Structure formats: C-alpha cells, structure tokens
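For reference, the structure discussed in these notes is given below.
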Amino acid sequence: MEITFTLNGKPVSVSVSPDTPLLDLLRSLGMKSVKCGCENTVCGLCTVFLDEKPVLSCSVPAARVSGKSVTTLEGLTEEAEAFIGFIADQGADQCGFCNPGYVMNTIALLRENPDPTDDEIRACLAGNLCRCSGYEGQLRGIRAFLDAKKEGKR
Amino acid sequence: MKNPIERGGVGASVRKKDSMQLLTGKPVYLDDLPEPAGCLTVKLLRSPHANALIREIDVTAAISLPGVAAVYTYLDVPSERYTEAGQTYPETSPHDRLILDRHLRHVGDPVAIVAAENEEAAEKALAAIRVTYDPLPAVLDFRTAKDNPALVHPEEDWHSLCPFTGGDPKRNLCASGEEGEGDVDAVLASCDLVIEHPYHVKAVNQVPFETFRTMTELDAYGRLRVVSSTQIVFHVRRIIAHALGIPKSAVRVEKPRIGGGFGAKQTAVSEVYPAFVTWKTGRPAKLVYTRKESLEAGSPRHEMEITVCLGAMNDGTIRAIDLYSLSNTGAYGEHGWATVGLTAHKSIPLYTSSVEAFRFTYDVVYTNVQSSGAYRGFGATQGIFAVESAVNELASRLGMDPLEIRLKNCVKEGQTMPAYYNEPASSCNLTGCLTECAEKFGWKEKYPVRVMPDGKIRSAGMAMAMQGSGISGIDVGSATVKLEDDGGYTLLIGAADMGTGCDTILAQMLADAMECPLEKIAVRGADTDLSPYDSGSYASSTTFVTGKAVVLAADELKGKMRKIAAKLLKADEETLLFEDNTFFTADRTASVTAAALANASMDGNDVPVEATATNSHPFSPPPFMVGMVETETDPGTGSVKILDYQAVVDCGTVINPALARVQAEGGIVQGIGMTLFEDIHYGKDGKLAENSLMQYKIPTRLDIGRLHVDFAPSYEEAGPYGAKSIGEIVINTPAPAIAHAVYRATGQWFRTLPITPDKVALGMGEDE
C-alpha cells in the first residue's frame, strides 16, 4: 500500500506492506539511528516521535503513520547536541547502540519538563535499556547539563 | 610542556573518540553500512530437537522458490571439525563442530543455510525445507551428563589439539582435571570448622544490544572480506579458514563499531555461515541474528555448580579451600576448559595470606543445550560467588565481622599466589580497597540488620574479587604508530573497542608518550590486513597487554624520529631533547617539531617514520575489588531492592577515570541482573523458556539503587603507566554480596542464582 507521511520535516511517499513495522521502514529510508534491540517493545532502542510523541517503532505498523509526522534522531541533531556532550563527558555512551533511543526520550522529557528531578529522569527513561553503562553515567550527564543550564554556562 | 591531563593523556577523563558519532546515531554499525550490490540475506533453519539425527532432508522445493540463491545442508559442507572459540591457536577448546552436521545437538543447532535475494524469500525457503528427524535421548541436566549412556559427541572425528585439557567425548567430558598444593585433606581435618556447600550459577546471557551479525563479500582480489561484530578479528580469520578449508591468506576480517560484546563475541557465532555462502556463490552475503536466535544459539555463561569445602580456625584463619567445579559447556566445547580454571584461579588466591593447602577438581560436561562461551568474568564470577559466599557464612558462624575476616586472610602485595599459577601479587591494594570501601559505604552503620517501620528489612553484604590482566604468557598485543604530516599520529591496533573505549585510552597513552595533544591521534582498528597482530579484546587484556605495546611502539618511533631530527638539526642524536612533540638541541637554540620532521621525512629520507611493537607478559597482574551492598528485603513479597552499592577498585593506574567508572558501574549492574533477575529454564524438550527480552529480564535503571565507585590504585610496574585491567572484575562482587545481604535479612542462604522474590517469599533458601 502507498503511504505519505512527513519524515524529519520532509514529505515522503512510499509503498509498504501491511505487516512492515515502522522500524524497518525508517531504516530502509536511511534513518539508521533507529536501532532494533529486542523486536518486541522491551528495550526502547527504536524510539522515534510520531506526531511529536515518543513511540516504539518496532510495534507501530508503518501503514499507521500515513498522514502523520515522524521524527528520528537524524532530524533532531541540534536539539540533541545541547546535552549529549555532557553524557559523552561521563563516558556513558559506551557501545552506543542504545544511545539514539534514550537520547530521543530525553528530548521528549526535556520538552515536557525542562527541569526534571533525578527520579523523574529515571522514570522517564525506565523503558530505555542499556547493557553497558549501568545507567548512572547517563544520569550524571543529563544532570550536569541541567546544572550547567541553570548556571547559565550554556 | 603541557601536563598529561591538559593534553588528554593518562589520567584525563576525556570523551571517547567516537562519542559524538554514537550519541547522534550515525550509521557506524554493521547493519548500518551500505550493502555491496546483490548482497544475499542469509538465514538458518534450526533444529526443533535437543538431540536428533537427520534421517532425510529435501531442499528441492526451497531451492526452486523465486529469489532463493542457495540452500546448503550437511551434505554440502567440509568434514573437518573446528571450534568457534576465539582463543590462541592451538585452541584449548576441542574441535567438535561442523558448519552443518547430520547430528543436531541442541534446539537451535543449524540444520540448513538459506541464502536469498531478500528476507521474505529466505523465510519462505526455510519453511519449504522438508526434514525428517530421528530424535535421540537428550542430556538436559548437567549433573547427569558425565558417563551418561546418551552421548552428545559419539562421532569418531572429535579431536582436541590440547590433550592436557582432559576431554573424553565417550564420557560426555569436554574437559576434566585436578590440581592443587599441600595436603588439603589433612589441613581440613585439623580445622575447627569446615563449610561445605554447592553453589549454582545459571547460563546467563550477555545481551549485547547489537545481536550477532556478519557481512561477507569477495574483494577485488577474490579474497573473502568479512565484516563482523567481533572482539577477535584475527581468531575469526583462522576459524573461518579452518571451517571452510581455505587458506588463511584468502580471508580478511574487519570490525566496524560494535554494539556491545561482553565476551559473547569472543566466539565466532555468526561468521562462518555467510562466509560459506559467499565462498560458494561468489556473492556478498549478510546474516543478522534475531534476538531469539541470539538467546537460543549464542554463547552464554557456563552454567556451573561449584562445591566449596572451606576449612578455618575459630579465630577466622582460613587454612584450606577444596573446590569441585562442574561446568556445563552445552552441545559444543567453546571456552569449556579455559572458563572452569578461573573458578579456582581467581577465587582461592584472594586468601593467599592464610591458605596452606588447596585442591581444585573439575569436570566440564557436554549436554544438549546451546554451547556456552565467554561472558565477562569467565568462570571467576561463578567461583567468586561460591568462595565469597562460603567466607561470608564462615564469618556468620564464627560471629566475626566479614570485613575483619577478609582483612585477616586476604592477599597482600609481594606475596606469591600458589593458586594463581604461582604468580606474584606484584601490585595489590586489596587491603586498601577493603578499608576504603567500608568507610565510604558506612559498613559499621549498615551491616546491622534494621527492620523498618513498614516491616521491610535493611541489611548489608560484601564480597571481594580479582581477575587477571590478559592470559599469562599467551596473549599478544601489538601497536603500529605512524607519524603523519601534521605532526600527529595514526595508531593501528588489532584490539577491539566494543564500546569500552579502548581506542581512546590507548590513544591517551600514545599522547603521553609523544607529548602531543590527544586530538592529534587517530586510531584505526581492527582489520587483519592492516592491524598488527593482537589476540583480541578479551580476558581483560587490552589495557595491560596492548597498552604496553603502544608505549613500546612509541619509544621505538621516537628513536627513528630522533635520527631524522639529528640530521635536520645537524646535531648528535644522543644529545637531542624531546619535549612537547618537538626535538630540541641540547642548548635549546634550535628545534624541529614533529610536523616539520614529518614533512622532511617525505623528502629524500630513508628512515621509516612508523614503528610496530608487540608485547606479551609472562604474568597477568590481577586487579582487585571490594563491593558492599545495602538491600531492602520485603518479607511479604520476597522482593529484594538494591539501595546502595559501593565499590572500590584497584586496577592499577586509572588511565581514564570516567571510562573506568562506567566500566565498573556497567559490570555491577550486569552482576545485579544475574543475581536477582536473569534466569534460564530449559523445558523437557530442551527448549529455552527465556528466548526474548520479555522473559529474559535484564536490569532497568529503576532496579539498581545508587552506585558509587571509587579507586584505590596500586602501581603495576609491568603495565603501561602502572595500569592493570578493569573490564571483567567488575561483574564479580554483586552475586556474593547480595546473597550475603539477603541472608542477613532472612536468615537463609541462597546458593542458586537468581535470588527471585518467589524463592525469598517462600523461604526456598537454606537455613544456616
């Protein structure tokens, strides 16, 4: 079936089969930041925005985004770059495979709540699994960004 | 001259060199890379039986489907057995596999290889293969494997390149043996107290988020180019050459960025299949494992039951340790002998100060479940859970503080460790780790059991750990350093950065050696055609073994550059000073920078401005660590919540404190996972219950409490800048420490992992 949707601000028309997950469609369109970690909505690696809300693209049929707007990390590099350097400073990027997913959810969190507590950050990112970092470095990075923002360093 | 921290050298918490590419989701992993034109999708038909022979296999329908390029069965593959274990040749793992075998030894064992133009066609071909199986009795309980009449490897061509490993397939033994020192029985008989129990650790999975995957093609020279998510490019080259029966010189193996390894990718799990397809068809091929395949047919930790017999005096002196390790290697013997050794070699030496005698016996058995492999900790994790739990029980039975009992018995710097290949504790600050951890954690305050107003119980537990820094006298690390035009350097390595940051920390060492800013160093690894030989990144080897090679290569290159500088400065090379990436005459009136020297080196020069050094060390200096945990146990639900985890690590000089801390935190969280959540169950049919991440539960960020990591470094003379290793040791303390805390809360010892709420609530542990 033919669908038309907006991908990172640009209109896209593609042919998809009814059982194609959005994850596969996005990767076939070159959006390689979208990663597959578990295939069944457990890990959060495939997080993208559908009409500005985070969704797990492995569980969204591609056909369902027809007429809607999809955003991947490729479309949000600038917004991500505001804080990801602080995560890098902690060494918490590690293997990097899960990074796009939790960076997307962090963007979603900061849009909704620009000044979250540590527990709010943990709760918001609870569905984003990471096997390397032990999570604490990611939190330290996001906290350092928020502190720096408050101190007007950025 | 800039100091090391300013230039991003040793001791600086610099960002990983690939950080910003990874954090912005750039296409740097295998499945993100452009595919060669006409790349075939490879899929494997897998056995539904735990033990069976193929009576008949018919692929005619499958091969005639549109889009199907090839279907291979056991009739099509070479008949020489090999091992997938990434180990130095000759491997200690038996050669017990074929690419495809008529005998299927576990659910998930490959039955056929399908190569098709796309995934859909490949899936249809899998469904169209007709197989008739003759099921055989399966060995599913590893306690019944040895001398079971049902044999996992009845074939006559099973062979071992290292007979000292004690394998005997006619007894379902992958390996067996005994070693020791002193008269254990006599010492145990003279002890006041003997603690004896079995401890059971399951075959937990590493779960790197990037599953196993490999892409292959024939290059312009007709050689087999293999791009794979691997920790061991050089071993993979050899394994593919053995499996396919082709010359090693016909194979090139490269790794791109890797989405996690943790040892899983120290086994060539996925490489051989697409390599075979490309070699047979001449066409590019790619195989990406699903999560289910990675869980059902990967390379998980060896399930082990370790029986500890620990003898001590009433004053807490630990005098003898007798260990029997029963290890389940599964259907194939990857890393079977090597892992089981560490159960003793990295637990007993912790008590070198007082242990008078030890014995270590082991059986590594074949069963009809997936082959085990290497997982961070590699046997030490299982052994330390057993021995440290026994020591905690000893403290409890003697009414002693477990901190005091460890201070009394633990290994001290300068001692020779008989249970650690008689190697010296050349650098050891375990005592410092103990005292500092106790102080930072608040051991005195947290050790007493506290019942909270809501009925939940707060308690604490502790454990010590050690690991190695590479494999003594075997692991080889190499580095090539090349001077580049702008006075910067390119560092070529065969070690594999799988997210650990080794590309960066090796560059930090080079930055210090050449006294140049870290930005001026480019790192390239790993590629068997371009990298100098390296065993690969495993066994906690890279910082210590490859790191030293970087320092040696830098020294050698400096010597060569000195010759050119002497010519340019018209001075005697012996008198030249090297500072800040620049050569100066003795009176400092003239100088030549590395950049100027690099340019001069391209003009009428006959001195190479590159150097390669190779390093291996006869000893493997252990890092040491102490972990203390505070938990809150809910006696009603049985849930055990981690509140605080404090760790203090002696990894020698800390090259990059931020990266070392994250290594420690990541390892502790994996350790928490295997202690509290991650479980493995095989059904009576040999099928794995936990074959997706919905069932196989790894920790989330809400499950880990607060982690605190500090360093109490010693200085290892043999290491680069005094460094040892950190990669593996960090997973070893959570299991015994948490089991200890749960005992303090419930009065029950849990000697089988994981310690899940149902077991705690139902009192399924054992009373002391």
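As the structure is a prediction and not an experimental result, all values here were calculated from the model. Throughout, a chain's letter reflects where its sequence line sits, starting with A, and its residues are numbered from 1. Note that these values count all heavy atoms, side chains included, but never hydrogens, waters or copies made by symmetry.
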In terms of heavy-atom pairs under 4.5 Å with chain A, which of [options] leads?
options                               : answer
B:Asp703, B:Val709, B:Leu295, B:Asp31 : B:Asp31
B:Arg661, B:Lys26, B:Lys697           : B:Arg661
B:Gln663, B:Gln206, B:Met498          : B:Gln206

If every non-hydrogen atom of [X] is compared with every non-hydrogen atom of [Y], which pair is closest and at what distance?
X        : Y        : result
B:Leu693 : A:Val42  : O-CG1, 3.6 Å
A:Ala88  : B:Met20  : CB-SD, 4.2 Å
B:Lys292 : A:Glu39  : N-OE1, 4.4 Å
B:Pro27  : A:Lys32  : CB-CB, 3.8 Å
B:Thr500 : A:Gln94  : CA-OE1, 4.1 Å
A:Ala126 : B:Leu702 : CB-CD1, 3.6 Å

Would you check if [X] and [Y] make a side-chain contact, meaning some heavy-atom pair closer than 4.5 Å?
X        : Y        : answer
B:Val662 : A:Arg140 : yes
A:Gln138 : B:Arg701 : yes
B:Asp32  : A:Lys35  : yes

Take atom [atom1] of [X] as the centre, draw a 6.0 Å sphere, and report whether it contains more than 12 heavy atoms from other residues, nucleotides or ligands.
X        : atom1 : result
A:Glu112 : CD    : no
B:Glu120 : CD    : no
B:Glu119 : CD    : no

Portion of [X] that has a non-hydrogen atom of chain A nearer than 4.5 angstrom:
X        : value
B:Phe209 : both
B:Gln21  : neither
B:Met694 : both
B:Ile704 : side chain
B:Pro699 : both
B:Thr504 : neither

Query raised in the report: Between A:Val34, A:Thr77, A:Leu45, which has the largest tally of heavy atom pairs under 4.5 Å with chain B?
Result: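 Greatest number of close heavy-atom pairs with chain B: A:Leu45.
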
For the side chain of [X] and the backbone of [Y], is there at least one donor-acceptor N/O pair under 3.5 Å apart?
X        : Y        : answer
B:Arg15  : A:Gly85  : yes
A:Gln90  : B:Ala658 : no
B:Glu665 : A:Glu136 : no
A:Tyr135 : B:Gly666 : no

Which of [range] have a heavy atom under 4.5 Å from any heavy atom of chain B?
range                      : value
residues 52-67 of chain A  : none
residues 96-107 of chain A : A:Gly96, A:Phe97, A:Asn99, A:Pro100, A:Tyr102, A:Val103
residues 11-31 of chain A  : A:Arg27

Requested in this report: Determine which residues belonging to residues 667-677 of chain B lie within contact range of chain A, meaning some heavy atom pair is under 4.5 Å apart, and list them by number or answer 'none'.
Outcome: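 Contacts with chain A: B:Val669, B:Gln670.
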
Requested in this report: Please look at A:Asn128 and chain B and tell me whether the side chain, the backbone, both or neither of the residue comes under 4.5 angstrom of a heavy atom of that chain.
Outcome: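 Contact with chain B: backbone and side chain both.
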
Rounded to the nearest 0.5 Å, what separates atom [atom1] in [X] from atom [atom2] in [Y]?
X       : Y       : atom1 : atom2 : value
A:Ser33 : B:Leu23 : OG    : CG    : 12.0 Å
B:Asp18 : A:Asp93 : CG    : CG    : 6.5 Å
A:Cys95 : B:Leu22 : SG    : CG    : 8.0 Å

Report task. In plain terms, say whether B:Arg706 and A:Asp119 are close enough for a salt bridge, that is, a side-chain N and a carboxylate O under 4.0 Å apart. Result ->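 Between A:Asp119 and B:Arg706 there is a salt bridge, with a charged N closer than 4.0 Å to a carboxylate O.
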
